[in-house]
Colleague: 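Handing you a structure now.
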Amino acid sequence: MRDLKSKGRAAAGALASLTMIASMSAVPALAVAPGDGADGNAAADPQAEVGENAAVAGAVKVARAEGVFSYDQEAVTPNETIRTMFQKAVRVVCGAGIALASENPLDWQLTVSGAVNDAYTASVGDLAGDESVQQKMTCTCGGNPAGGRAIVTANVKGIPVESILERAGVQPGANAVTFVSADGTETMLPLGYVIGRHGVLSYEINEEALTASVGGSNQLWMTRTPANYFVRDVVEIVVSAEDEAPTVPGEGDEHPNSPNAGVLAGAQE
């Protein structure tokens, strides 16, 4: 099985190579004119403290700045933007080796095996049925800096991994789950982590097949998880009981996302 730490670093490095080095411009220092008081201190009025230098420096020094800060995490990223960022520019970030897609993603065959009571193979369409969910989720690079562009939010429709495994009956003691992609990539994750992070095997993004956005026929999505663990074109899910549970995604990575905690040599316009 592949070393996920190396994979995480490679993914962050791929994104770093696509960004530009930020340039910093220093703010001119403000010269403070002496006050008129007998003690020679600067005037109490902050406007007078700066005086004529305010026009030159383009800034005014005040004792305290007040304002209102707000943000919106409900906005959905258009599929065209997702395709540019996570399919064309940094395809490796989402764990895609080759672009695969079936004519109908619901016909895609998926096998569940390993430490289960009833191993089976079924189409995504068969598994979807009443189990499919649609929820707003975020996909972001593990090294995306605060304010960076390597992050998207979308309406994700898919099958909860928990329901896929319930159908097979996970055996006691199982603590790991491996997602095997059509290109041979194997990604092992802690079983409890995948369930706890609401993992879903998606087949639609923003009400369109994945080919219109991230690419491929299906993709694993999880909350609060770096995008390089979002493996695509999964053909088999293998449950196992390991002597030691797999490492939690992002733990030990050079640029873990908790979220947007990484610092890359670059900035966005």
Side-chain angles (χ1 to χ4, degrees), residues 8-9 11-82 84-86 89-90 93-94 135-156 193 196-198 206 221-230 248-269:
R9 294 192 181 96
L15 180 60
S17 66
L18 299 173
T19 56
M20 299 176 61
I21 297 178
S23 60
M24 304 295 291
S25 56
V27 177
L30 301 179
V32 179
D36 295 332
D39 58 1
N41 292 332
D45 184 356
Q47 298 289 343
E49 182 180 345
V50 177
E52 296 179 355
N53 290 300
V56 178
V60 175
K61 182 178 179 181
V62 296
R64 182 178 64 184
E66 296 183 357
V68 177
F69 172 79
S70 64
Y71 63 92
D72 179 10
Q73 292 183 311
E74 296 300 312
V76 172
T77 308
N79 279 344
E80 182 178 354
T81 301
I82 298 175
T84 300
M85 177 56 65
F86 285 96
V90 286
V93 172
C94 282
Q135 54 194 353
K136 194 167 292 183
M137 303 182 75
T138 296
C139 179
T140 177
C141 172
N144 188 44
R149 293 183 298 180
I151 180 171
V152 299
T153 298
N155 288 316
V156 179
Y193 180 94
R197 296 302 173 95
H198 309 288
N206 294 334
W221 281 64
M222 295 176 285
T223 60
R224 295 177 293 146
T225 302
N228 54 295
Y229 294 92
F230 285 27
V248 171
E251 187 175 288
D253 284 0
E254 185 176 353
H255 302 295
N257 185 334
S258 301
N260 302 86
V263 178
L264 296 179
Q268 284 70 40
E269 298 176 355

Colleague: Could you list the residues that satisfy side-chain hydrogen bond (donor to acceptor under 3.5 Å, both in side chains) with Glu80, not counting sequence neighbours?
Modeller: none

Colleague: Given the rule in the side chain to side chain contact (heavy atoms under 4.5 Å, CB included) test, do Lys136 and Val76 qualify, once you have shown the distances and angles that lead to the verdict?
Modeller: CA-CA 8 Å; Lys136 194 167 292 183; Val76 172; 3.9 Å; yes

Colleague: Is a side-chain N or O of Arg197 found less than 3.5 angstrom from the main chain of Arg224, in a donor-acceptor match?
Modeller: yes

Colleague: Quick check: closest heavy atoms across Pro249 and Thr225, and the distance to 0.1 Å?
Modeller: CB-CG2, 4.0 Å

Colleague: Nearest heavy-atom pair of Ala75 and Thr153: which atoms, and what distance?
Modeller: O-CB, 3.6 Å

Colleague: Which heavy atom in Thr223 sits nearest to a heavy atom in Tyr193, and how many Å separate them?
Modeller: O-OH, 4.5 Å

Colleague: Would you name the heavy atoms of Phe230 and Met222 that are closest together and state the gap between them?
Modeller: CZ-O, 3.2 Å

Colleague: Can you tell me if Thr140 uses its side chain to pair, donor with acceptor, with the backbone of Ala227 under 3.5 Å?
Modeller: no

Colleague: Taking all non-hydrogen atoms of both residues into account, name the closest pair between Gln135 and His198 and its distance.
Modeller: NE2-O, 3.9 Å

Colleague: Sequence neighbours excluded, which residues qualify as side-chain hydrogen bond (donor to acceptor under 3.5 Å, both in side chains) partners of Asn206?
Modeller: Asn79

Colleague: For a quick test of reading the model, state the closest non-hydrogen atom pair linking Thr77 to Val152 and the distance between them.
Modeller: OG1-CA, 3.5 Å

